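Structure first, commentary second.
In what follows, every chain begins at residue 1, and chains take the letters A, B, ... in the order their sequences are listed. Please read these numbers as outputs of a predicted model, since none were measured by experiment.
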Protein chains: 2
Amino acid sequence: MPAIPFSTPFFVLQPRFNYHITPIFRSLSLHLSSSPFTFNVNSSSVRLHCALPQAAETESPSGGRSGALSPRPPVTGDVKKIDVNPPKGTRDFPPEDMRLRNWLFNNFKEVSRLYGFEEVDFPVLESEALFTRKAGEEIKDQLYCFEDRGNRRVALRPELTPSLARLVIQKGKSVSLPLKWFTVGQCWRYERMTRGRRREHYQWNMDIIGVPGVMAEAELISSIVTFFKRIGITESDVGFKVSSRKVLQEVLKSYSIPENMFGKVCVIIDKIEKIPVDEIKKELKVVGLSQEAVQDLLQVLSVKSLTELEERLGGSGEAIADLKQLFSLAEKFGYSKWLQFDASVVRGLAYYTGVVFEGFDREGKLRAICGGGRYDHLFSTFGAEDIPACGFGFGDAVIVELLREKGLLPELGQQIDNLVCALDEELQGYAATAANMLREKGQSVDLVLESKPLKWVFKRAARTNAERLILVGKSEWQRGMVGVKVLSTGEQYEVKLDDLN
Amino acid sequence: MPAIPFSTPFFVLQPRFNYHITPIFRSLSLHLSSSPFTFNVNSSSVRLHCALPQAAETESPSGGRSGALSPRPPVTGDVKKIDVNPPKGTRDFPPEDMRLRNWLFNNFKEVSRLYGFEEVDFPVLESEALFTRKAGEEIKDQLYCFEDRGNRRVALRPELTPSLARLVIQKGKSVSLPLKWFTVGQCWRYERMTRGRRREHYQWNMDIIGVPGVMAEAELISSIVTFFKRIGITESDVGFKVSSRKVLQEVLKSYSIPENMFGKVCVIIDKIEKIPVDEIKKELKVVGLSQEAVQDLLQVLSVKSLTELEERLGGSGEAIADLKQLFSLAEKFGYSKWLQFDASVVRGLAYYTGVVFEGFDREGKLRAICGGGRYDHLFSTFGAEDIPACGFGFGDAVIVELLREKGLLPELGQQIDNLVCALDEELQGYAATAANMLREKGQSVDLVLESKPLKWVFKRAARTNAERLILVGKSEWQRGMVGVKVLSTGEQYEVKLDDLN
């Protein structure tokens, strides 16, 4: 998909919500053939009746070939054909996609472990009130909400941070700060009109609750860098744009804009690369900014160096101090080459208050890979005392796109230590005995559960990448032996059952 | 909870849906103190304003004690206090509960790997039509369904098998049989009136698609036995009741009951231990069984030995042959002591057709721990060709109850290899350097992100079970050294930064 940049202005994007956005003209067939995370583009087009009769053709009652079954007549009468696709915008994870998902999630989890974060989770279904902020965020407009059978307003969570804040407030003084929590969870959104955009994705979140200084942000960015390095992504592939919401805050303060307008202004400004500047200006005027203030804001947003920013804002403010410290820490952490200041980064969520950052691909083809920042005032919007906090969200879609672009997607086949097979139907129980002996020693066993010809068995062993074939034959069994064939070398030998390991 | 057996007839139970059912008189406080999987009994009773002021009391601006923060004034004005609890019937997973969940799920996954099963997953949100069978199952009455914003009828999945069947049908001939698939996924149900029953649970499923013989059921039961053994459960704690739906089928056939009544009859009979027998009789008559047929059915259900069953049904039927073979295989697999025949086991899902089984605690205190069976005709109810299949569901609730009863719940504390701390604020960057060196070597590091007194650092190290404390001091750093304290022994030494591992 090199020709069509994902950052095309046709799409208004939710920064902390890394959906896989697919232009309409990207065809279904391309998806099905190339995407390990495939999804359903048009759920009504593929129907069961074209899938299964094909399967039946390969079946034979004698059981000679792979997966052979005697077909049964379909139930006659009023049987509706179901739609074999998952609901629009959602995904199944067949084994090949699940292996990739597990590989990705295991990397998320291992990095979180290295950084001493504890795993948490929250319900995928939350009270709608948890997400209905009034700052005009896209995330709220696309809330997957409904009324349950008890007439409660609930929503499939669009993000994880509000649930995390809820749990922190609930725990109160029973937990000691700082908390370092991570979660990998599914998030949902609902859009009516577009095709090919997913309605769910998984997001890796890491959050630090209780640390006021930018060491926390520096630690978060460090963990993402560690993740990138683990999966083969370098600083020539990816960088982080960093700014601070305090930059905007200082500009707004100089125009006496009330503080409660801050979130709304940030949400508008976040759209700056996605909708025309005139629209931005219009929206900023609607919320009460003067023409002069708008002009000044937009000029500040174009600043690309800290030195220039310091010239504009003066050196005494928190924005400059925070950012300088962050860049200094980045050197000690060892990832300064990944970082660049960019005043235009504000992120799309209303609750950020300080440093904000987003990971981007240097070729500029994809949307933000991840994003986060400081949200020191989120707790008070829930009626609790504020606690300094920061975190990031990292979706499962854009990173897979990037890995594919770079040819870095891992090859993850099925792996089985042993395929165990009885050579006679009456020996199947003994094959089970042998299989369970191996399993007790920690080895994985694909036990052949039917009477199958050897040709079928070899084909299955090849398909499952079995390392060894263990054959249970009558005369060998009577001598307490089984046959072993190492499939990579072709080596064949007999071994005592007790010595099998 | 020894006094109140969970199998109390007050509850109509969904067999393959292992919810944690809590009698109303089991108090909230008991739950919060003893259950590692706590949940929300009354979501409106605990409010934020009692939680956070307490937390604030422990905070001090000087940062001396654990988790110290300078409290900020709460935002004044119209800030609604949120409900800090998860929605009714759902759970948060704070770190301590998440560790138990991960331990349980990792055992599910490791056993599945030993048996050569591949992991799959499906959307938690499915089309409602996938679950609306017409056999009177409790699972359908309690469907967590709603209309989405595009007016589609959707449901949070109550079970995993229909989604699995959908995916198998979709894959058609692109997959080779037999498939051995497992999944660990969240399932939902909606109940209006009861308190303390959960609306979600996680379920481990293993399914074998494409094997017609009972070797498949024998393999499934073997995998559950392997799981029990891994977590310390023995055959004196738990057993499996085994029967076959073909037993009922043979009785119904002898009374010329039409085949399409079979599912309905099974769903009624499954309630036999939970509602009065007269109710069962009434319901069976409603669906068209004669008094004689009802009498005969109920008598067959009381049979507890295969020999007696053979005397009643004759030795030529499939029911007897399947069950005999299963018990014979159980000996070879090595778990015959776990198995017993019990004709009263039919399971509550309409789609089972052959062998059915359920795991039960021998003390009789809990509901079924897991359950499964053969469902050879599910595919045709979706309009596809039938494929022989069997599987089981294993919930995350009853097993935790059992482990607690037996004192077998694992102690799972947080574990950190290193706590790294700068002794001076200006050394924090160097502490980060040291932390990242250790992380590159695979060690987990809890990096202290603020300037804290040593007393605080030691308390945190104790709380996180850190193995070592790495202290970065000025004079040591200038010599390229850091201080190490092994917390279990108290041993203290200096080491070159490069030699730290």
Engaged part of A:L438 at the chain B interface, taking heavy atoms whose separation is under 4.5 Å = neither
Could you look at B:Q415 and say if it's the side chain, the backbone, both or neither that has a heavy atom under 4.5 Å from chain A?
-> neither
Could you have a look at A:G429, A:P95, A:A432 and say which one has the most heavy-atom pairs with chain B under 4.5 angstrom?
-> A:P95
Is it the side chain or the backbone of A:D417 that comes within 4.5 Å of chain B heavy atoms, both, or neither?
-> side chain
Residue selection (most heavy-atom pairs with chain B, distance under 4.5 Å) from A:L447, A:T433, A:D446 | A:L447
Please look at A:E147 and chain B and tell me whether the side chain, the backbone, both or neither of the residue comes under 4.5 angstrom of a heavy atom of that chain.
-> backbone
Contact class of B:L156 relative to chain A, heavy atoms under 4.5 angstrom | side chain
Does NZ or CZ of A:R149 fall inside the cone over B:Y144's six-membered ring, less than 6.0 Å from its centre and within 45° of the axis?
-> no
Using non-hydrogen atoms and a 4.5 Å limit, figure out which bit of B:L130 sits close to chain A: side chain, backbone, both or neither.
-> side chain
B:E259: partners by salt bridge (Lys or Arg N to Asp or Glu O under 4.0 Å), with sequence neighbours left out = none
Look at atom CZ of A:F122 and say whether more than 12 heavy atoms of other residues, nucleotides or ligands are closer to it than 6.0 Å.
-> yes
Is the closest basic N to carboxylate O distance between B:D121 and A:R101 below 4.0 Å?
-> yes
Go through the structure and list residues passing side chain to side chain contact (heavy atoms under 4.5 Å, CB included) with A:Q414, not counting sequence neighbours.
-> A:R99, A:I416, A:T464, B:E118
What part of A:Y115 is in contact with chain B, defined as an atom under 4.5 angstrom from a non-hydrogen atom: side chain, backbone, both or neither?
-> both
